[in-house]
Amino acid sequence: MPVRIGYPCINLSVPCRGNRTFWLASYSEANIISTVGRNLACLRMILEYNAAHGILFFRITSDLVPFASHSVCVFDWKEYFLPEFKAIGELIRMHEMRISMHPDQFVLISALDPDIVQRSVHELEYHASVLDLMGLDNSAKIQIHIGGVYGNRSGSVGRFIKQYGNLPPSVQRRLVIENDDRNFTVKDCIPVSDQTGIPVLFDIFHHELNGAGELIDEVLSTVALSWKKNDGIPMVDYSSQEPGGRRGNHAARLDPNHFKAFLDRSRPFDFDVIFEIKEKERAANRALEIGRNDERIFLINLQEISGSRHITSA
DNA sequence: AATGGTCAAGTCAGC
DNA sequence: GCTGACTTGACCATT
């Protein structure tokens, strides 16, 4: 399975948003039913757009079910929306799409405070539930950072590994760790992977900001080993610096030259890549256009567009 | 309808 | 100890 192209959470071309939420003070059963219903309907519309455009990787928003891991949420949204989740899962499987989720910065299983760890576990269980309800296999992943440094990185690593062992299997099978732009480089993530079996998600932009200058193909050859057969091929996050922006700001638009260089330097490895570019699906579309000459991208989209795969339904 | 303050959670820096 | 940045939108009360 060669390179699939994707983007995170929001599609600017469809007439809806799948990450609608409300304030905690406004929580009610009626509110959660209407919000989740709308978010799921929009998620379906986004995935249909993606299928029609040959975009086969997507990161589902953590806001799909607002307050799902909060004690205020006693409503059984899993049972209530089961048919919708199953239908979306079928759509994903039909098109052989890849799915990821990325919980927010608050999720820290390496935290010193046990309450933070517990809240994080609940949040991770919610993310796993979404993917489980859709009937997705182990290749659908939940990506987090190691985090919890507090001035001592090795302490954080120790707590992370220990807490990973305590996670429910539904979370363990989907969890992957991602290098960040401040604390943990890819090189720092590898030993954690070796000790836990967690795959390492390679973030190109974080690597540019916080790495030791290792070449992209070198890094890919290393992280690829951490993805076992039923994890699927490696996931990669791609972005570049916004010109004139604060260091670390994601670009508003895809930089064609930067992406071409990345494509060249990433040979011959296969992976699925999320474009963390502010223009969202438009960046993915541009990447597909630029990648027409790359056989890794071309092959899969040739199948999709020629109709040898399933054509999206209305 | 327009406006502007506020929003579950995390850390860190600065005062 | 508290506030704001991080990063950004959008929810919601107020007018």
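The basis for the numbers below is simple: all heavy atoms, side chains too, and nothing from hydrogens, waters or symmetry mates. Naming: A, B, ... by sequence-line order, numbering from 1 per chain.
Every residue meeting the side chain to side chain contact (heavy atoms under 4.5 Å, CB included) condition with A:N19, not counting sequence neighbours, appears here in chain and number order: A:I10, A:R17, A:T61, A:D63. Under the side-chain hydrogen bond (donor to acceptor under 3.5 Å, both in side chains) criterion, A:N39 pairs with no residue, sequence neighbours left out. Every residue two or more places apart in sequence or in another chain that forms a side-chain hydrogen bond (donor to acceptor under 3.5 Å, both in side chains) with A:D137 is listed here: A:S139. With sequence neighbours left out, the ring pair (Phe, Tyr, Trp, His ring centres under 6.0 Å) criterion links A:Y126 to A:W77. Scanning for ring pair (Phe, Tyr, Trp, His ring centres under 6.0 Å) contacts around A:Y150 gives an empty result, with sequence neighbours left out. Listed by chain and number, the residues in a ring pair (Phe, Tyr, Trp, His ring centres under 6.0 Å) with A:H70 amount to none (sequence neighbours excluded). Every side-chain hydrogen bond (donor to acceptor under 3.5 Å, both in side chains) that A:S13 has, sequence neighbours left out, goes to A:E281. Under the rule for a ring pair (Phe, Tyr, Trp, His ring centres under 6.0 Å), A:Y164 has no partner lying at least two apart in sequence or in another chain. Residues passing the disulfide bond (SG atoms under 2.5 Å apart) test with A:C73: none are found, sequence neighbours excluded.
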Open item on the list: Let me check I have this right: for DNA chain C, each base becomes ., (, ), [, ] or |, based on Watson-Crick or G-U pairs with both distances under 3.5 Å. What is the full string?
Closed with: ||||||..|||||||
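Nucleotides C:dT8 and B:dG4, compared at atom P, are 22 Å apart to the nearest Å. As rounded to the nearest Å, C:dC6 and B:dA2 have P atoms that lie 30 Å from one another. Separating the P atom of B:dA9 from that of C:dC12 is a span of 16 Å, rounded to the nearest Å. A gap of 15 Å separates the C1' atoms of C:dG4 and B:dG5, to the nearest Å. Taking atom P on both C:dG9 and B:dC12, the two are 26 Å apart, rounded to the nearest angstrom. A distance of about 16 Å separates the P atoms of C:dT7 and B:dG14, rounded to the whole Å.
Few gaps surround CZ on A:R267; more than 12 heavy atoms of other groups in view lie less than 6.0 Å from it.
Atom OH in A:Y27 sits roughly 14 Å away from atom P in C:dC12 (whole-Å rounding). Spacing between atom CD of A:E125 and atom P of B:dA9 amounts to 20 Å, rounded to whole angstrom units.
A salt bridge is absent between A:R182 and A:D180: the closest approach of a Lys/Arg side-chain nitrogen to an acidic carboxylate oxygen does not fall below 4.0 angstrom.
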Tabulate atom names and distances for all N/O pairs under 3.5 angstrom spanning the protein and nucleotides 8-11 of chain C.
{"unit_1": "C:dT8", "atom_1": "OP1", "unit_2": "A:K278", "atom_2": "NZ", "d": "3.3"}
{"unit_1": "C:dT8", "atom_1": "OP2", "unit_2": "A:K278", "atom_2": "NZ", "d": "3.3"}

Task: Where protein sits on nucleotides 10-15 of chain B, one letter per nucleotide: B base, S sugar-phosphate only, - none, heavy atoms under 4.0 Å - done: BSS---
